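Below is one structure, written out as structure tokens; the observations come after it.
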Amino acid sequence: MGSKFDVVVIGGGPAGYVAAIRAAQNGLSTACIDAWVGSDGEPSLGGTCLNAGCIPSKALLESSELYHRARHDFGNHGIRLGEVGLDLAAMQARKEAIVSKLCGGIQGLFKANQVSSLAGHGRLLPGNKVQFTPRAGEPQLLEADHVILATGSTPTGLGSLPFDGERVVDSAGALAFAAVPRRLGVIGAGVIGLELGSVWRRLGAEVTLLEAMDRFLFMADGQIAREAERQFRRQGLDIHLGAKVQSGERTAGGVRLRYDDRQGSHELEVDQVIVAVGRRPCTGELLDPLAGVALDERGFISVDDHCRTTAANVWAIGDVVRGPMLAHKGSEEGVMVADLVAGRYGHVNYAVIPSVIYTTPEIAWVGRSEEDLKAAGVAYKAGTFNFAASGRARAMDQAAGLVKVLADAVTDEILGVHICGPMAGELISEAVVAMEFQGTAEDLQRTIHAHPTLAEAVHEAALSVDRRAIHAINR
Ligand code: FAD
Ligand code: AMP
């Protein structure tokens, strides 16, 4: 391996590995430094997303949902089972196997694209030099025309309740429980808290979520959030809103949490607690102070709309920069930067990034919510359609929830689509494509949707924008 590259990427998560592959596709000599070590003690590409985030959480969400449905819902289909048992070790092993297969897949893609994969730690020095410290061995100096920083994020803790990997865990710890907790506390009812709380609730834990905000899922459209909250409470998730955890302490058998709400101060005893109060950018040890890369007031690397940092030819992408902490957002930034570096066109449309929460029902949205539009004084039309009237949703025995389409009152352009319901994360793609093409509600209305599909609910919601839904009474 030489020590001079066109591009050196620091971080091999969905932002960094995608940037590295695209840079190599563009004919640039590329290295990607990544520090992640898997549960087997070996380097493992894919970052948080593949190793401890998107993928293992979705594996457990799928398994736990099947377990729950086998126990509680199969009877609705006329399927009688004997005793349904849980083999958590096998469930965890399946998750591990998926992670290991996909992480190995990235290594294969690096080989095929001739990306030099460097396992170890990267540090940006002045003058576009990178110090690479391998897992074993002496630091080496690399030179690059362009450096892309993609070091991601790590979980934030609560000062008085440090992670101990046993009773007080972060999301990675909560994905690896070897036994189902009896009483599980979850601090923070954001995306991660809800997904992980759902996994362990379905597997039999008593789950209490403490959320500081008064409004459930404040980042989602209010109507959708209310519907989701109703469904989650029905599933037995004990959700406390306006409940700010102030402190916690280990007790002989578990953890005692103290939280404040409008009624006063309370204590909650749990056996284990997941702290899911957010994530912070990974910049420690990454930046030599003389490298000239500035951070913003929240500790993220400062970048412009094209992910240029304050240092020439140094770029930053993914969770380590502003914007939603989502894998696909980081990947698109990776593609943009790798294309710009190669002298091609690159752009990310930050207004059209889908968000998905993989609970049951799923929640997905893109664009602006009704609250956003009201606050901005935009005149809009809204159409909704309930899955209760969808033949496919009924056949699936998953008819809770709705689709909502928001369109500009004057131009009819789609401004936002919000879904709470079965496969919402898949359905939202249609809305993303429509919005990317600046489509109108009428465009969706005149598009043929196969019958019977869940996507018909999107079609009907678009029709409902103009009070022309066929399978609902237009009010
Ligand atoms: P990361 O994935 O964090 O990767 C950064 C990499 O850089 C890591 O491998 C790290 O070890 C390495 N690194 C850090 N510093 C250095 C250094 N100095 N030298 C070398 N290497 C370094 N997002 C979604 O879009 N969909 C989901 O369903 C979803 N589910 C999630 C579930 C959970 C439980 C969690 C925790 C997150 C989830 N996310 C999801 C968020 C998603 O994982 C992140 O947005 C995404 O991983 C960010 O990608 P990244 O490449 O910026 O950083
Ligand atoms: P997210 O940002 O999606 O990861 O969600 C984190 C959630 O944790 C947010 O909804 C925060 O309001 C919530 N949160 C942060 N700190 C606390 C706290 N001390 N007690 C309860 N909830 C918190």
Side-chain angles (χ1 to χ4, degrees), residues 9-19 32-38 43-58 60-61 103 118-124 130-133 149-156 158-161 170-172 174-175 185-196 199 209-219 240-248 257-261 274-279 281-287 316-321 323-331 333-334 353-358 425:
V9 183
I10 306 181
Y17 83 72
V18 168
C32 180
I33 305 175
D34 187 68
W36 198 285
V37 176
S44 187
L45 286 169
T48 305
C49 170
L50 267 71
N51 289 285
C54 320
I55 300 304
S57 61
K58 266 77 261 179
L60 288 187
L61 279 157
C103 293
L118 308 178
H121 196 270
R123 179 174 166 83
L124 181 72
V130 173
Q131 178 180 289
F132 164 53
T133 309
L149 307 173
T151 48
S153 63
T154 50
T156 317
L158 282 181
S160 67
L161 196 62
D170 60 12
S171 52
L175 287 166
V186 181
I187 308 177
V191 178
I192 293 175
L194 282 171
E195 289 189 359
L196 293 174
V199 165
L209 289 126
L210 301 174
E211 166 55 52
M213 305 287 285
D214 288 320
R215 212 197 97 176
F216 184 65
L217 281 181
F218 67 95
M219 64 289 201
H240 296 246
L241 298 175
K244 186 163 174 52
V245 175
Q246 300 295 358
S247 64
L257 301 172
R258 280 196 195 81
Y259 66 93
D260 291 345
D261 64 13
I274 305 173
V275 181
V277 297
R279 298 176 61 83
C282 277
T283 52
E285 304 294 305
L286 172 69
L287 303 171
I317 56 176
D319 280 11
V320 80
V321 303
M325 286 186 165
L326 293 169
H328 44 281
K329 173 263 193 187
S331 297
E333 289 178 334
I353 298 177
S355 293
V356 182
I357 309 177
Y358 295 81

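Nothing here was measured: the structure is a model prediction, and the numbers come from that model. Indexing begins at 1, ligand by ligand and atom by atom, following the structure's order.
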Open item on the list: Within ligand 2, which atoms have a heavy atom of Ala243 less than 4.0 Å away?
Closed with: 20 (N), 21 (C)
- [ ] For atom 42 (C) of ligand 1, find the nearest protein heavy atom and state the residue, atom name and distance (0.1 Å precision).
- [x] Cys54 SG, 3.8 Å
Task: Numbered atoms and elements of ligand 2 in range of Val191, under 4.0 angstrom, heavy atoms - done: 3 (O)
TODO: Check Val245 against ligand 2 and report side chain, backbone, both or neither, counting heavy atoms closer than 4.0 Å.
DONE: both
Task: Heavy atom of the protein closest to atom 53 (O) of ligand 1 (residue, atom name, distance) - done: Gly152 CA, 3.1 Å
TODO: Heavy-atom contacts with Gly47 under 4.0 Å: which atoms of ligand 1 show up? List them by number with element.
DONE: 2 (O), 4 (O), 8 (C), 9 (O)
- [ ] Only heavy atoms count here, so choose which of Gly190, Gly242, Pro324 is nearest to atom 1 (P) of ligand 2.
- [x] Gly190
Task: Nearest-neighbour protein heavy atom for atom 7 (C) of ligand 2, which is reported as residue plus atom name and distance - done: Glu211 OE1, 3.6 Å
Open item on the list: So, regarding Ala189 and ligand 2 (criterion: nitrogen or oxygen to nitrogen or oxygen, under 3.5 Å), is there a contact or not?
Closed with: no
Open item on the list: Give me the nearest non-hydrogen protein atom to atom 28 (O) of ligand 1 as residue plus atom name, then the distance to 0.1 Å.
Closed with: Lys58 NZ, 2.7 Å
Task: Gly278 neighbourhood, listing ligand 2 atoms whose heavy-atom distance to it stays under 4.0 Å - done: 4 (O), 6 (C)
Open item on the list: Quick test: of every protein heavy atom, which one is nearest to atom 17 (C) of ligand 2, and how far off is it to 0.1 Å?
Closed with: Val277 CG1, 3.6 Å
Task: Shortest protein heavy-atom distance from atom 8 (O) of ligand 2, along with the residue and atom involved - done: Gly188 CA, 3.2 Å
Open item on the list: Using a 4.0 Å cut-off to any heavy atom of Met213, which atoms of ligand 2 qualify?
Closed with: 12 (O)
Task: Atoms of ligand 2 close to Lys244 [distance to a heavy atom under 4.0 angstrom, numbered from 1] - done: 19 (N), 20 (N)
